Amino acid sequence: MTAKDGTQLFVRVIQQPSAMGRIPLILNDGLGCDGFAWKYFIDYFQHQHPIIHWHYRGHGHSDVPEDLNSINIEQLAADSITILDDLGIQRAILCGHSMGVQVALETFNLQPHRFEAMVLLCGSYEHPLETWHGPARRDASPTLMNRAMKSIFPAVYQKTQQHKTLLQPLWSILMNTDIPYRFAMLSEVNRHLIKKEDFTPYFEHLSGMQAHVFMQTLKAYSEHSGRHILDKIDKPALIICGGKDTFSPHWVSLEMHHAIDNSELLFIPDGTHCAPIEHPELIQLRIEKFLWPHLMQALNSSCRNTTDTSTHEHASRRLRATANS
């Protein structure tokens with residue numbers, strides 16, 4: 001699909017016969033991701049809902065935009081709306097993992113009437129570098145690693161923008177080694193639960209991604225705040241967090257839960273930032289329990305409204321056509 005500035009966006013639509021007539025789920029990835037975190041989620045929910053999974057500009061199979069500054073959370077949200085418009089989807093459920101939580105919040109903020117519910121996994125609502133490897137609670141002193149990241153990131157960002165040609169081969173070589181994986185296994189994920197074949201696709205994608213695009217996305221991500229959106233959310237929201245998440249500490253999700261009226265919280269004590277591939281069954285069942293009553297209410301309302309039903313059938317035809325193309 002084509003964004004309004006001409007950037008080509010990769011969109012994958014999964015439309016199983018058993019999901020016909022159901023409200024679609026639109027999936028928003030994390031930073032530098034092209035879908036690895038949704039592996040078990042898609043396998044499970046594709047039989048219950050149409051699924052729309054897309055790649056951010058500069059990620060995966062989507063193009064790098066001519067204007068690198070267009071890689072920001074607000075623009076990603078606008079791209080998400082463009083995708084729904086092109087598919088003829090009037091009602092959807094927003095799902096986000098990691099950075100995708102902030103993309104989902106901004107997307108909701110653009111057109112809140114369009115979304116029936118939100119599922120927010122392992123993500124913050126603002127300034128993630130402020131809490132990356134942060135303390136166990138908000139009022140505690142920052143950790144050494146947190147202070148170091150905030151201190152060195154501006155310089156690293158500048159270098160990657162100034163020396164793209166020189167640094168790209170080094171980036172690709174590093175991401176193709178076992179070093180990032182082994183580091184993550186030591187400090188970022190639950191090595192007793194995660195499978196290597198589920199996690200290595202993340203580094204495989206990073207190895208083919210342009211380093212300066214990754215850093216531009218991280219900069220925009222770190223500067224974004226969706227705090228002002230939280231008290232505007234009047235639709236059901238399920239927030240999922242891990243007790244051992246070093247990227248987005250669980251207390252950030254707890255703050256989000258307290259700020260969003262009508263929200264529910266699933267806390268996974270030994271879950272990390274990769275909880276969706278560490279605890280897939282638990283997360284799938286909890287999301288299913290959360291969505292079912294809201295979707296039944298929405299479907300009953302749709303059946304009573306012939307105009308809405310017609311629109312929904314039109315969207316289903318568009319989804320089928322896209323999925324088969």
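Everything numeric in this text was worked out from a predicted model, so none of it was measured.
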query: Stepwise, does the side chain to side chain contact (heavy atoms under 4.5 Å, CB included) test hold for I240 with I287?
result: CA-CA 9 Å; I240 298 174; I287 292 174; 3.9 Å; yes
In terms of hydrophobic clusters joined by side-chain contacts under 4.5 Å, are [X] and [Y] together?
X    : Y    : answer
L27  : F290 : yes
F10  : M1   : no
L170 : F153 : no
V189 : L193 : no
V156 : L167 : no

Closest contact, heavy atoms only, [X] versus [Y]:
X    : Y    : result
W251 : R138 : CZ3-NE, 3.3 Å
D63  : T7   : O-CG2, 3.6 Å
V101 : G123 : CG2-CA, 3.7 Å
Y40  : P280 : CB-CB, 3.5 Å
G58  : V213 : O-CG1, 3.7 Å
L9   : A3   : CD1-CB, 4.0 Å

Could you tell me if [Y] and [X] have a donor-acceptor pair between their side chains, going purely by distance under 3.5 Å?
X    : Y    : answer
W54  : D79  : no
H53  : D29  : yes
H59  : D34  : no
H224 : E106 : yes
Q15  : Q46  : no
Y44  : E288 : yes
H279 : D270 : yes

To the nearest 0.5 Å, what is the distance between [atom1] ([X]) and [atom2] ([Y])?
X    : Y    : atom1 : atom2 : answer
L230 : F108 : CG    : CZ    : 10.5 Å
H258 : I260 : NE2   : CD1   : 11.5 Å
C122 : H97  : SG    : NE2   : 4.5 Å
I173 : Q168 : CD1   : CD    : 10.5 Å
C95  : L25  : SG    : CG    : 5.0 Å
I52  : I83  : CD1   : CD1   : 8.0 Å

Short question: side chain of [X], backbone of [Y] - any donor-acceptor pair under 3.5 Å?
X    : Y    : result
W171 : M209 : yes
S263 : H257 : yes
T131 : S248 : no
S98  : G100 : no
S207 : E204 : yes
N176 : S172 : yes
S187 : A184 : no
N146 : L129 : yes
S222 : L218 : yes

query: Taking the six-membered ring of F115, is NZ or CZ of K235 closer than 6.0 Å to its centre and within 45° of its axis?
result: no
Any side-chain heavy atom of [X] sitting closer than 4.5 Å to one from [Y]?
X    : Y    : result
Q8   : H61  : no
S253 : Y125 : no
T2   : T82  : no
I93  : I26  : no
R57  : V64  : no
L238 : M118 : no
L282 : I268 : yes
M99  : Y56  : yes

Is the count of non-hydrogen atoms from other residues, nucleotides or ligands lying under 6.0 Å from [X] atom [atom1] greater than 12?
X    : atom1 : value
R147 : CZ    : yes
Q162 : CD    : yes
K150 : NZ    : yes
K39  : NZ    : yes

task: Evaluate the criterion salt bridge (Lys or Arg N to Asp or Glu O under 4.0 Å) for residue pair R114 and D85; output intermediate values, then yes/no.
output: CA-CA 11 Å; R114 200 166 192 168; D85 287 343; 2.7 Å; yes
message: Could you walk me through whether H273 and D245 satisfy the side-chain hydrogen bond (donor to acceptor under 3.5 Å, both in side chains) test, starting with their C-alpha distance in whole Å, then the side-chain angles of each, then the deciding distance to 0.1 Å, before giving a yes or no?
response: CA-CA 5 Å; H273 204 59; D245 189 339; 3.0 Å; yes
message: Quick one, M215 with K164, criterion side chain to side chain contact (heavy atoms under 4.5 Å, CB included). Give me CA distance, side-chain angles, the key distance, then yes/no.
response: CA-CA 11 Å; M215 290 299 174; K164 302 182 185 71; over 6 Å; no
task: Verify the ring-centre separation between H250 and F267: is it less than 6.0 angstrom?
output: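 Close enough - the centres of the two rings lie under 6.0 Å apart.
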- prompt: Ring centres of H212 and H163 under 6.0 Å apart?
  reply: no
- request: Check the angle between the aromatic planes of F199 and F36 and answer parallel, tilted or perpendicular using the 30° and 60° thresholds.
  value: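 The rings of F199 and F36 sit tilted, inter-plane angle from 30° to 60°.
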query: Between H205 and H55, how do the two ring planes meet: parallel, tilted or perpendicular, split at 30° and 60°?
result: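 If you compare the ring of H205 with that of H55, the planes turn out tilted.
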task: Carefully, step by step, assess R91 and I89 under the rule side chain to side chain contact (heavy atoms under 4.5 Å, CB included).
output: CA-CA 6 Å; R91 298 157 62 228; I89 301 299; 5.7 Å; no
query: Looking at E126, Q102, E130, which hits side-chain hydrogen bond (donor to acceptor under 3.5 Å, both in side chains) with S225?
result: E126
- prompt: Between I283 and L121, is a side chain to side chain contact (heavy atoms under 4.5 Å, CB included) present by the stated rule, with each step listed?
  reply: CA-CA 9 Å; I283 289 175; L121 299 97; 4.0 Å; yes
query: Is there a side-chain hydrogen bond (donor to acceptor under 3.5 Å, both in side chains) between E278 and T272 once you walk through the steps?
result: CA-CA 8 Å; E278 294 170 343; T272 73; 2.6 Å; yes
